[in-house]
Amino acid sequence: MPAVTVENPLTLPRVTAPADAVARPVLTVTTAPGGFEGEGFPVRRAFAGINYRHLAPFIMMDQMGEVEYAPGEPKGTPWHPHRGFETVTYIIDGIFDHQDSNGGGGTITNGDTQWMTAGSGLLHIEAPPEQLVMSGGLFHGLQLWVNLPAKDKMMAPRYQDIRGGSVQLLTTPDGGALLRVIAGELDGHAGPGITHTPITMIHATLAPGAEVTLPWREDFNGLAYVMAGRGSVGAERRPIRLGQTAVFGAGGSLTVRADEKQDSNTPDLEVVLLGGQPIREPMAHYGPFVMNTKEELMQAFEDFQKGRLGTVPAVHGMTPNGPQA
């Protein structure tokens, strides 16, 4: 799991929660069911079974893989529409090509993130490049959906190409964890992702036995999803492992700890930490559209059927620098 790393985390800025911060309790730990997305790549549905009041402004998150493809096996998604929210695709291992009908797109690989604001609507495709289809190989990533408030749902679409080298790297006082701030901020250190809804997104790698207690905005919710390894969450050390999501309650800090012993194929505990300011508005979600009312959903389907969300470009090959002209 390469993503972005450093040889010596102790060279990085260090963060820890204030001693008087109220620890967030663990409300639930749920296990993600498996499924398939797009043309048949395996996913874990990280938020399945969690009440939306604990998730907002996040809608869903899929762990894509981890899977070792044989030659000819890599799969993606066909062209499909979106309206009313943002999709965040974070690639840990492997390569993915992206293109949308608004002109956004590119190739993302180890540690890169594609942040697509669908807004008023567009068409979108995600697929492995031809060389990966031919060779096979390791593929692993996440896709997160972030809701937009009503005032921004019909904004113009936007694409952010966030290279792994631009993420903010931090560590803990003992250097036992590497924290990659992809979006939002942690203890005053900001990540590169620009968001319409205030959120924080962090990929944390904890060495065996390491513990992190991080300051966390009290007006944010708190979620931890394990991508690899095993450990515990909260001051109560509630066990958590691969494919499980912890929901934290109110407070000013959250704690994650890696078990002393990890699986042989997983040297560290890999966790995605998410927090966001809840959008306290009605939500109507169906398929690729996330709106505020049923009527807006029906309008989104009608607009898609009538071609108002864009058209598939005549040429949709990809290059390392983006879509071909």
Side-chain angles (χ1 to χ4, degrees), residues 1-32 44 46 61 63 65-66 90 92-93 110-111 138 140-142 164 167-182 185-189 191 200-216 222-249 251-275:
M1 187 174 290
V4 178
T5 190
V6 293
E7 288 189 11
N8 182 9
L10 289 174
T11 62
L12 302 172
R14 306 179 198 186
V15 297
T16 189
D20 60 352
V22 175
R24 287 177 173 248
V26 177
L27 302 181
T28 64
V29 173
T30 60
T31 301
R44 288 186 175 93
M61 186 169 73
Q63 181 180 10
E66 182 175 358
Y90 175 51
I92 300 162
D93 291 290
N110 303 343
L138 185 62
H140 189 198
L142 290 173
V167 302
Q168 175 69 62
L169 300 180
L170 306 169
T171 190
T172 47
D174 64 359
L178 175 61
L179 309 170
R180 306 167 186 85
V181 184
I182 298 169
E185 62 88 26
L186 180 64
D187 198 28
H189 301 276
T200 293
M201 180 180 182
I202 297 168
H203 173 192
T205 299
L206 283 70
E211 181 175 287
V212 298
T213 298
L214 302 177
W216 211 251
L223 303 162
Y225 175 74
V226 177
M227 294 186 292
R230 59 184 65 244
S232 59
V233 285
E236 60 271 45
R237 293 196 174 186
R238 182 106 170 246
I240 193 169
R241 55 177 169 77
L242 166 65
Q244 291 189 321
T245 301
V247 176
F248 292 89
S253 71
L254 56 79
T255 297
V256 180
R257 186 180 187 279
D259 284 356
E260 295 282 354
K261 292 185 178 181
Q262 298 292 330
D263 299 333
S264 59
N265 63 337
T266 305
D268 303 306
L269 175 66
E270 304 283 352
V271 183
V272 175
L273 302 173
L274 296 169

Indicate yes or no for a side-chain donor-acceptor contact from [X] to the backbone of [Y] under 3.5 Å, with no hydrogens or angles considered.
{"X": "Ser253", "Y": "Trp216", "result": "no"}
{"X": "Gln244", "Y": "Ala32", "result": "no"}
{"X": "Arg230", "Y": "Arg241", "result": "no"}
{"X": "Thr11", "Y": "Asn8", "result": "yes"}
{"X": "Arg24", "Y": "Gly249", "result": "yes"}
{"X": "Thr200", "Y": "Glu185", "result": "yes"}
{"X": "Glu270", "Y": "His203", "result": "no"}

Next on the checklist: Under a 3.5 Å cutoff, is there a donor and acceptor pairing between the side chains of Thr245 and Thr30?
Outcome noted: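 There is no such pair between these side chains.
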Next on the checklist: Any salt bridge linking Arg237 with Glu211? Criterion: basic side-chain nitrogen under 4.0 Å from a carboxylate oxygen.
Outcome noted: yes
Minimal non-hydrogen separation, [X] against [Y], with atom names:
{"X": "Gln63", "Y": "Val226", "result": "OE1-O, 4.2 Å"}
{"X": "Val4", "Y": "Gly111", "result": "CG2-CA, 4.0 Å"}
{"X": "Thr266", "Y": "Ala228", "result": "CG2-CB, 3.5 Å"}
{"X": "Ala177", "Y": "Leu206", "result": "CB-CG, 4.1 Å"}
{"X": "Gln168", "Y": "Pro13", "result": "NE2-CG, 4.5 Å"}
{"X": "Ala224", "Y": "Ile240", "result": "O-CD1, 4.0 Å"}

Nearest-0.5 Å distance that lies between atom [atom1] in [X] and atom [atom2] in [Y]:
{"X": "Arg238", "Y": "Ser232", "atom1": "CZ", "atom2": "OG", "answer": "11.5 Å"}
{"X": "Asp259", "Y": "Asp268", "atom1": "CG", "atom2": "CG", "answer": "12.5 Å"}
{"X": "Leu274", "Y": "Tyr225", "atom1": "CG", "atom2": "OH", "answer": "11.5 Å"}
{"X": "Asn110", "Y": "Asp93", "atom1": "CG", "atom2": "CG", "answer": "5.5 Å"}

Item to check | Positive for side-chain contact (heavy atoms from CB on, under 4.5 Å) with Val233, one of Leu254, Val256, Val271 | outcome: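 That would be Val256.
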Next on the checklist: As a test of understanding, state which of Leu12, Ile202, Val15 forms a side-chain contact (heavy atoms from CB on, under 4.5 Å) with Leu170.
Outcome noted: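 Considering Leu12, Ile202, Val15, a side-chain contact (heavy atoms from CB on, under 4.5 Å) with Leu170 is found only for Val15.
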Checklist entry - Checking side chain to side chain contact (heavy atoms under 4.5 Å, CB included) for the pair Leu223/Phe248: CA distance, chi angles, key distance, verdict? => result CA-CA 6 Å; Leu223 303 162; Phe248 292 89; 5.9 Å; no
Checklist entry - Can you check side chain to side chain contact (heavy atoms under 4.5 Å, CB included) on Leu273 and Leu214, steps first, answer last? => result CA-CA 10 Å; Leu273 302 173; Leu214 302 177; 3.7 Å; yes
Item to check | Test side chain to side chain contact (heavy atoms under 4.5 Å, CB included) applied to Val167 and Val181, step by step | outcome: CA-CA 6 Å; Val167 302; Val181 184; over 6 Å; no
Is the shortest side-chain heavy-atom distance between [X] and [Y] below 4.5 Å?
{"X": "Val272", "Y": "Leu142", "answer": "yes"}
{"X": "Gln262", "Y": "Pro208", "answer": "yes"}
{"X": "Val6", "Y": "Leu169", "answer": "yes"}
{"X": "Leu179", "Y": "Thr171", "answer": "no"}
{"X": "Arg180", "Y": "Tyr90", "answer": "yes"}

Next on the checklist: If you apply the rule side chain to side chain contact (heavy atoms under 4.5 Å, CB included), what do you find for Met227 with Ile92, and how did you get there?
Outcome noted: CA-CA 10 Å; Met227 294 186 292; Ile92 300 162; 3.4 Å; yes
